[in-house]
Each structure stands twice: as C-alpha cells, then as structure tokens.
*Asks:* 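A single structure is presented below for examination.
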There are 2 protein chains.
Amino acid sequence: MKLPSRTEELILLAVWRLEENAYGITIRRYLKEEAGIDYSIGGIYVPLERLVSKGMLSSRQGDPTPARGGMSKRYFQLTAEGVAVLRDIRALTNRLWDNLPDIVFHN
Amino acid sequence: MKLPSRTEELILLAVWRLEENAYGITIRRYLKEEAGIDYSIGGIYVPLERLVSKGMLSSRQGDPTPARGGMSKRYFQLTAEGVAVLRDIRALTNRLWDNLPDIVFHN
DNA sequence: ACTATTTATTCTAAAATAAAGAAAAAATGA
DNA sequence: TCATTTTTTCTTTATTTTAGAATAAATAGT
C-alpha cells in the first residue's frame, strides 16, 4: 500500500474539499483556517508538485481573471489514484483505532 | 497543534495496541501484520527514540526472560502527551473528512 | 567449553520530505 | 510609469524516512 506523508494527505483533502477552486493560495488558506496549520509557501507548492509527479493530482493552468495581480493560477484536481490513496489511509487508521484496547496508560 | 509524522502516528498506535508488550520487534511485527507496512529495522528504532525525546513515549528496560537470545528488551509506553497527540490528529482528519463534498472528480 | 543460532538493539549513511522565505511573474490602479 | 496585489517558482537548510550492517546477549547442541 502506498502511504501519503502527513502533508500530502492534508493537501489532498484540501484539494478535494475546494473542488473547482483548488490552487496554491486557496489550499494554503484552507489548511490554515480549517486545520489550524500555518504552512510556509514552499510547504504547499513543493508537495503539490510531488503529488502531481506521483500521479495523485493533475493540474491545469487557469485562464486570466478580471481580478488584479498574480501569475496565472494553477488549479489542481484529485486523480482516481489520489482518491484511492486517501481512502486507503483512512481505512487503515480507522482499523488501527478499532484495534485499540480501552485502558491506555499507567504512569 | 502538534502533528505527528505518519510513521510516528503508526508507531504510537502500535504501542497503544501492544500494551505491556511494546518493544522494537513487536512494534515492527505489528505494523507488518496489521497495517501491511514492512518497515526496516531503523525505520522503527529511529522514530521510537525521537518519540521518547519529544515526550510522546516513555521507556523502561526489560528484565531478562527465560527465552533465548537478544539484548534486553526496551519496552515503550504512551505518555499523556502521546495520547493527546493521537487524539488530536484523529479529530482533525475526522473533521476534514466530514467537510468533503460528495462529488469527487471529473476527468 | 565452544560454536552456531536466535532475538534484540544501536549505529550510520543516503534518500526523501518538510520548513522557510526570497525572488520572479503578471496584472491593476493611481 | 510605478506602487501594490496576487500568485508561482526557486533555493536552502532541517528533519524524517529508508535500509541494513554492526553489535550485544542469551541459549542449544555437540
């Protein structure tokens, strides 16, 4: 099985959630606002590139918009592979949690 | 919030599950058999040491046993901090999954 | 007693990932 | 034109993962 790193998982989930509007800046903002994690710029773009090269995301260049500023947006989408990886890691952690005994520690 | 890496999370869950019998070899075997992930030797011992130094695990040296072979076992236990980290990451991923829209991709 | 075998940890090097943020690109508004 | 805004690209350093050799310690068999 193919495990995504923590950051990869969170970015994949952000892309899924953001649907048609997933690009570097919105992904970074989502993870800040919804997950409470403040990634640096590189902390988003570097793994995004890796996820594309690994086939978990695809990307397309956005058209220019009436809004001010910026290089043209690069939008990301989950691939079938990306969805499968997310479902697998989810299933795995669910299973491991189900395996846990109730009593936890005794210090 | 303090996010564990993927490997750290899996090792913490293994320690929780193994209760009084969590040491390098049993942790490695558990992750192979129950999670299907075949870690190298260093892939277990290196993060174990880091988890202790970060306060998520504590350890104690095992007594010699009647069984054959081996250096004396080093048993690991979750600390309160380790449990909190696990619960936090679990809550976060649950929340992000709950946020997802139904429709997934359109390639 | 010696040697092979077993079980376990420690150590070390290389590859991959994460973290941080400067630099560049591209567009608008004044 | 140039200051400002939004966005991506690039680069460097730190941390984590991967891989497995080396070491340690105990027993079993001869």
Side-chain angles (χ1 to χ4, degrees), chain A residues 1-12 14-15 18 21-32 35-57 59-76 85 89, chain B residues 1-12 14-15 18 21-32 35-57 59-76 85 89:
Chain A
M1 203 187 79
K2 168 153 217 170
L3 297 207
S5 72
R6 176 76 58 209
T7 304
E8 287 170 352
E9 177 187 20
L10 294 173
I11 288 176
L12 291 173
V15 169
L18 290 165
N21 199 36
Y23 62 97
I25 301 286
T26 54
I27 293 166
R28 184 168 180 231
R29 183 162 53 224
Y30 177 75
L31 292 175
K32 172 95 176 284
I37 307 169
D38 194 0
Y39 283 105
S40 67
I41 295 171
I44 297 294
Y45 286 99
V46 170
L48 273 174
E49 192 55 49
R50 186 169 59 238
L51 286 164
V52 169
S53 79
K54 286 181 179 172
M56 298 182 213
L57 291 178
S59 78
R60 64 194 163 79
Q61 215 56 41
D63 300 318
T65 67
R68 189 183 193 168
M71 294 183 71
S72 88
K73 292 171 184 164
R74 186 174 171 199
Y75 291 99
F76 295 89
V85 164
I89 186 63
Chain B
M1 203 186 80
K2 167 153 221 172
L3 297 209
S5 72
R6 176 76 57 210
T7 305
E8 287 170 351
E9 178 187 20
L10 294 173
I11 288 176
L12 290 172
V15 168
L18 291 165
N21 199 36
Y23 61 97
I25 301 285
T26 53
I27 293 166
R28 184 169 180 229
R29 183 163 52 223
Y30 178 75
L31 292 175
K32 171 94 176 285
I37 307 169
D38 194 0
Y39 285 104
S40 66
I41 295 170
I44 297 294
Y45 287 100
V46 170
L48 273 174
E49 192 54 50
R50 187 168 62 238
L51 287 164
V52 169
S53 78
K54 286 181 177 173
M56 297 181 213
L57 291 177
S59 78
R60 66 194 162 78
Q61 214 56 40
D63 299 319
T65 68
R68 187 183 192 167
M71 295 182 73
S72 89
K73 292 170 185 164
R74 186 175 171 199
Y75 290 100
F76 296 88
V85 164
I89 187 63

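Labels below follow one simple rule: chain letters A, B, ... track the order of the sequence lines, proteins then strands, and each chain is numbered from 1. These values consider heavy atoms only, across backbone and side chains, with no hydrogens, waters or symmetry-generated copies.
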*Asks:* Can you measure B:D38 atom CG to D:dT17 atom C1' for me and round it to whole angstrom units?
*Replies:*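 So the CG-C1' distance, B:D38 to D:dT17, works out to 14 Å.
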*Asks:* Going by the rule ring pair (Phe, Tyr, Trp, His ring centres under 6.0 Å), which residues pair with A:Y75 if we only count those two or more places apart in sequence or in a different chain?
*Replies:*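 Expected list: A:Y23.
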*Asks:* Nearest whole angstrom, please: distance from the P of C:dT12 to the CD of B:E49.
*Replies:*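 Between P of C:dT12 and CD of B:E49: 14 Å.
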*Asks:* Return a table of donor-acceptor pairs under 3.5 angstrom between the side chains of residues 47-55 of chain A and protein atoms on other chains or two or more places apart.
*Replies:*
from  : atom 1 : to    : atom 2 : distance (Å)
A:E49 : OE1    : A:R74 : NH1    : 2.8
A:R50 : NE     : A:E8  : OE2    : 2.8
A:S53 : OG     : A:R50 : O      : 2.9
A:K54 : NZ     : A:E8  : OE2    : 3.0

*Asks:* Can you tell me the distance, in whole Å, between the CG atom of A:L18 and the P atom of D:dT7?
*Replies:*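 The distance from CG of A:L18 to P of D:dT7 comes to 13 Å, rounded to the nearest Å.
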*Asks:* State whether A:S72 places a side-chain N or O below 4.0 Å from either non-bridging phosphate oxygen (OP1 or OP2) of D:dT7.
*Replies:*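 A:S72 to D:dT7 OP1/OP2: no side-chain N or O under 4.0 Å.
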*Asks:* Between B:V46 and B:T7, is there a side-chain heavy-atom distance shorter than 4.5 Å?
*Replies:*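 No, too far: nothing below the 4.5 Å cut-off.
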*Asks:* Nearest whole Å is fine: how far is C:dT17 C1' from B:L3 CG?
*Replies:*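 Value for this atom pair: 14 Å.
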*Asks:* Among C:dA19, D:dT17, C:dT10, which nucleotide has an atom closest to any side-chain atom of A:T7?
*Replies:*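 For the A:T7 side chain, the nearest candidate turns out to be C:dA19.
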*Asks:* A:M1 vs B:I37, test: side-chain contact (heavy atoms from CB on, under 4.5 Å). Steps then yes/no.
*Replies:* CA-CA 7 Å; A:M1 203 187 79; B:I37 307 169; 5.7 Å; no
*Asks:* Take atom CD of A:Q61 and atom C1' of D:dT7, then tell me their distance rounded to the nearest Å.
*Replies:*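 Whole-Å distance recorded here is 11 Å.
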*Asks:* With DNA chain C as reference, determine whether B:R74 or A:R6 sits nearer its 5' end, using the nearest nucleotide of each.
*Replies:*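 The residue closer to the strand's 5' end, by nearest nucleotide, is B:R74.
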*Asks:* List, with names and distances, any nitrogen or oxygen atoms from the protein found under 3.5 Å away from nitrogen or oxygen atoms belonging to nucleotides 21-24 of chain C.
*Replies:*
from   : atom 1 : to    : atom 2 : distance (Å)
C:dG21 : O6     : A:G42 : N      : 2.7

*Asks:* Choose from D:dT7, C:dA18, C:dT10 the nucleotide whose nearest atom is closest to any side-chain atom of A:Y23.
*Replies:*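 That would be D:dT7.
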*Asks:* Indicate whether OP1 or OP2 belonging to D:dT17 is found under 4.0 Å from a side-chain N or O atom of B:S5.
*Replies:*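 Yes.
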*Asks:* Given atom CD1 of A:I25 and atom P of C:dA25, what is their separation to the nearest angstrom?
*Replies:*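 These atoms are roughly 17 Å apart.
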*Asks:* With rounding to the nearest 0.5 angstrom, report the CD1 to CG distance, B:I11 to B:L18.
*Replies:*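 Interatomic distance, B:I11 CD1 to B:L18 CG, rounded to 0.5 Å: 11.5 Å.
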*Asks:* What distance separates B:M71 CE from B:Q61 CD, expressed to the nearest 0.5 Å?
*Replies:*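 It comes to 8.0 Å.
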*Asks:* Round to the nearest Å and state the distance from B:R29 atom CZ to C:dA8 atom P.
*Replies:*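 Taking atom P of C:dA8 as the reference, CZ of B:R29 is at 7 Å.
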*Asks:* Would you mind reading off the distance between A:L48 atom CG and C:dA18 atom P, rounded to a whole angstrom?
*Replies:*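 Roughly 12 Å, once rounded to whole Å.
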*Asks:* For the residue pair B:D63 and B:K73, establish whether any side-chain heavy-atom pair is separated by less than 4.5 Å.
*Replies:*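 No, too far: nothing below the 4.5 Å cut-off.
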*Asks:* Between C:dT17, D:dT9, C:dT10, which one does the side chain of A:K54 approach most closely?
*Replies:*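 Selected nucleotide (nearest to the side chain): C:dT17.
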